[in-house]
Structure formats: structure tokens, C-alpha cells
Amino acid sequence: ICLPADCTVGGITVTLDNNSMWNEFYHRSTEMILTKQGRRMFPYCRYWITGLDSNMKYILVMDISPVDNHRYKWNGRWWEPSGKAEPHVLGRVFIHPESPSTGHYWMHQPVSFYKLKLTNNTLDQEGHIILHSMHRYLPRLHLVPAEKATEVIQLNGPGVHTFTFPQTEFFAVTAYQNIQITQLKIDYNPFAKGFRDDGLNSKPQRD
Amino acid sequence: RGKPRRGMLRRAVFSDVQRKALEKMFQKQKYISKPDRKKLASKLGLKDSQVKIWFQNRRMKWRNSKERELLSS
DNA sequence: TCTCACACCTTTGAAGTGG
DNA sequence: CCACTTCAAAGGTGTGAGA
């Protein structure tokens, strides 16, 4: 019971590299922490790309878009709608630090967005992606041909391809709601190893 | 974000400006000549032995990441 | 609900040693 | 020069208190 790891648009195929982990979180409703100074996502998005023009240069951009127009609350068992959503803060994106690079470069290795950070600080100066707590979001990947990129990158411009994966959907929170999610994070995130009380953990996996 | 912090530490931490200049030079040439090394060192306020070691370590990092690329193809 | 200081980890990378 | 090691600094975890 896994959602497909592939997404094809206009001859370009993007594969969610760590699909199984995303699915494991997704089945329990993924939560991502927001902090004032910015928090990384875990799991983070790692893609494998094929079908690019090897010689052309691309800019890889990620943003996070609202799934719907609701605010949510955790009732102890599941997430349920609870009122209307705050207006989404537009214009915050994460440009992959290796951009721009050739199609050959992007296709030669998986592309990781582990440095992307989320914040709930609407006055953030660090350029992190601004989200609202207790709202539902979906990460998006945009492939922008570098030659067509202007000073302000147009994500809906010509030649731009956008990819999404339903299993990467998450609820933004300020503190974890579902204990199962907390446990998954502790089990898989190497930075949280200090909280693994089971000395012989059966999931020594990597991000 | 980077400061030229200095103290009595066993391990120096180079500033962002220093690292960027070293990185820029590395992109141009994986091996640095002795006169170039001395020039770059004084420009960045580093001992030229530090620049030498940096290039040495940087080449190692470059090789190890380059070898991973070969596995995929 | 949210924020902040911890304690506890990892990753990073300059410097050390030997070949 | 390379290979490998050494070992603190830098920085990412969830916690649990107190707003």
C-alpha cells in the first residue's frame, strides 16, 4: 500500500527517492515542526530526475502550497477541519543551492532538499518558507529552464514543469500532536538518536 | 554570517569570505602553484600552509564525491 | 498553542600522522 | 602528493517547563 514514487510531466520523470519512508509517515498523517528560527523538514524531499536535456541548464525550485482552505485541529485520534485558513504567505521559495546546473548534473545523482527550512515567523528575514501552524500543505518541485528565468523566477511561466507527490503532504505544527509521528521521527532522524530508548532499535535506516 | 573569530583553539574555523575565495580558486584549478598559494594566503590572512592543507583536504572531498557518481552509471 | 533553555546527538572540516 | 585519522566547533533533534 504505497503511493507511486514516479511523476511524469512533459517527458520528464521525477522519482521520489525516499518514497517508502514518506509513505510510512503519510499513513499516520505527517507533521512538520515550525519554529521561529526555521526548522528542516523530516523526511525531506529527495528526487531522482530523468528526461532532461543534458546540455541545457535548469534551476530547481521548491515551494509549499496549501492543500485546502481549512484550519485543522488534532482531536487525539485524527485531524479534522476547524475553521477557515489564514491567507497563505506567497513568494517564499527554496532554490536548490546548486542551481543553475546542467540537466546532466541533475540527472547524475539524487537531488536533495534537506536544507529547506520552515518557519512560522511571518517577519522572517532568513528567506525561509513561511507557513501557518495547524494548516495542511503539499511540497512542490519546479524545474525552470535557466535561459527563460528572469530576475524574478516565474513558477507558472513557459517551459516550467511542476511535480507533486501526495505522500509528501503534511500538517504544519508548532509541537507534535500525534505520538506515532514523534516516534517515527525519533526512529529515523539521526539527529534525534538521543531519544531512542530502545538500545537495539530495529530501524537503523538512513534519511 | 561568518566572522574572523580567533582564539586559542586547536582547530581554526575559516570565515565564509575565506572559504568562498578558496572554493572559487579550486573550481579554476584543483592544484595550486606555490606563488599563487602564497598570494592567496596573504590576501585572505591565512598562513600558506593552511591554504596548502585546505587544497589537500578539498581534493579528497572532491574525489570521494566523484567516485559516488561513477556508481550510478 | 507557542517559545525557549537545556541535553544529546550528528556532521563538518582543519589539522595530525604516516606512506 | 594521498590515505586515513583525530576531535572540537557548529548545528539539528525532541523535551518539558512555562508563557
Side-chain angles (χ1 to χ4, degrees), chain A residues 25 30-44 71-76 79 82-83 86 97 112-124 126 128 130-135 171-199 201 203-207, chain B residues 1-23 26 29-34 37 40-41 44-67:
Chain A
F25 277 83
T30 312
E31 298 172 25
M32 296 292 177
I33 295 282
L34 305 179
T35 64
K36 203 170 177 180
Q37 85 176 64
R39 192 74 148 204
R40 289 185 180 178
M41 289 200 293
F42 191 91
Y44 56 85
R71 165 183 282 273
Y72 284 82
K73 74 174 180 190
W74 174 254
N75 67 9
W79 289 92
S82 167
E86 300 274 325
S112 291
F113 286 85
Y114 66 95
K115 279 187 175 171
L116 185 154
K117 282 188 174 181
L118 308 176
T119 184
N120 58 344
N121 180 14
T122 51
L123 304 175
D124 173 76
E126 304 296 312
H128 299 143
I130 300 171
L131 301 181
H132 291 116
S133 185
M134 312 310 272
H135 286 53
F171 292 90
V173 296
T174 213
Y176 288 126
Q177 308 292 301
N178 184 351
I179 309 163
Q180 296 181 54
I181 290 296
T182 310
Q183 197 53 51
L184 279 180
K185 300 250 187 179
I186 290 171
D187 286 346
Y188 288 125
N189 192 330
F191 288 111
K193 195 172 267 181
F195 299 97
R196 297 178 190 170
D197 39 18
D198 190 344
N201 224 318
K203 295 175 180 177
Q205 272 198 358
R206 198 67 181 170
D207 45 301
Chain B
R1 191 186 291 196
K3 292 176 208 163
R5 265 273 40 129
R6 198 92 335 186
M8 286 181 54
L9 19 85
R10 207 179 64 81
R11 180 191 157 219
V13 178
F14 296 171
S15 71
D16 281 4
V17 175
Q18 289 169 326
R19 264 202 280 263
K20 243 166 218 164
L22 288 161
E23 198 66 46
F26 183 77
Q29 48 193 43
K30 309 300 177 204
Y31 296 82
I32 190 166
S33 65
K34 197 184 278 183
R37 195 175 72 200
L40 185 60
L44 299 176
L46 294 169
K47 293 185 287 184
D48 76 332
S49 68
Q50 289 179 293
V51 175
K52 183 184 73 180
I53 297 300
W54 188 92
F55 268 79
Q56 204 165 290
N57 285 319
R58 188 63 184 80
R59 276 194 300 272
M60 203 57 59
K61 181 180 172 185
W62 176 65
R63 283 205 180 89
N64 291 337
S65 65
K66 208 75 181 179
E67 278 170 330

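Just so we're on the same page: letters track the sequence lines, and every chain starts at 1. Just the heavy atoms: all of them, side chains too, but no hydrogens, waters or symmetry mates, feed the values below.
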Checklist entry - How about A/Lys115: does its NZ atom have over 12 heavy atoms from other parts shown lying under 6.0 Å from it? => result no
Item to check | More than 12 heavy atoms from other groups under 6.0 Å of NZ on A/Lys36 | outcome: no
Touch class at under 4.0 angstrom, heavy-atom based, for [X] against every strand present:
X	answer
A/Thr35	nothing
A/Lys117	sugar-phosphate
A/Asn189	sugar-phosphate
B/Arg59	sugar-phosphate

Any idea which of [options] is nearest the [X] side chain?
X	options	value
B/Ala12	C/dT1, C/dA15, D/dT13	C/dA15
A/Ala192	C/dT10, D/dA3, D/dT13	D/dT13
A/Arg40	D/dA9, D/dG12, C/dA14	D/dG12
B/Ile53	D/dA3, D/dA9, C/dA15	C/dA15
A/Gln177	C/dT1, C/dA14, C/dT10	C/dT1

Item to check | Whole-Å gap separating C1' (C/dA14) and CZ (B/Arg11) | outcome: 6 Å
Checklist entry - Is a donor-acceptor pair below 3.5 Å formed from side chain A/Arg39 to base D/dG14, judging by atom type as modelled? => result yes
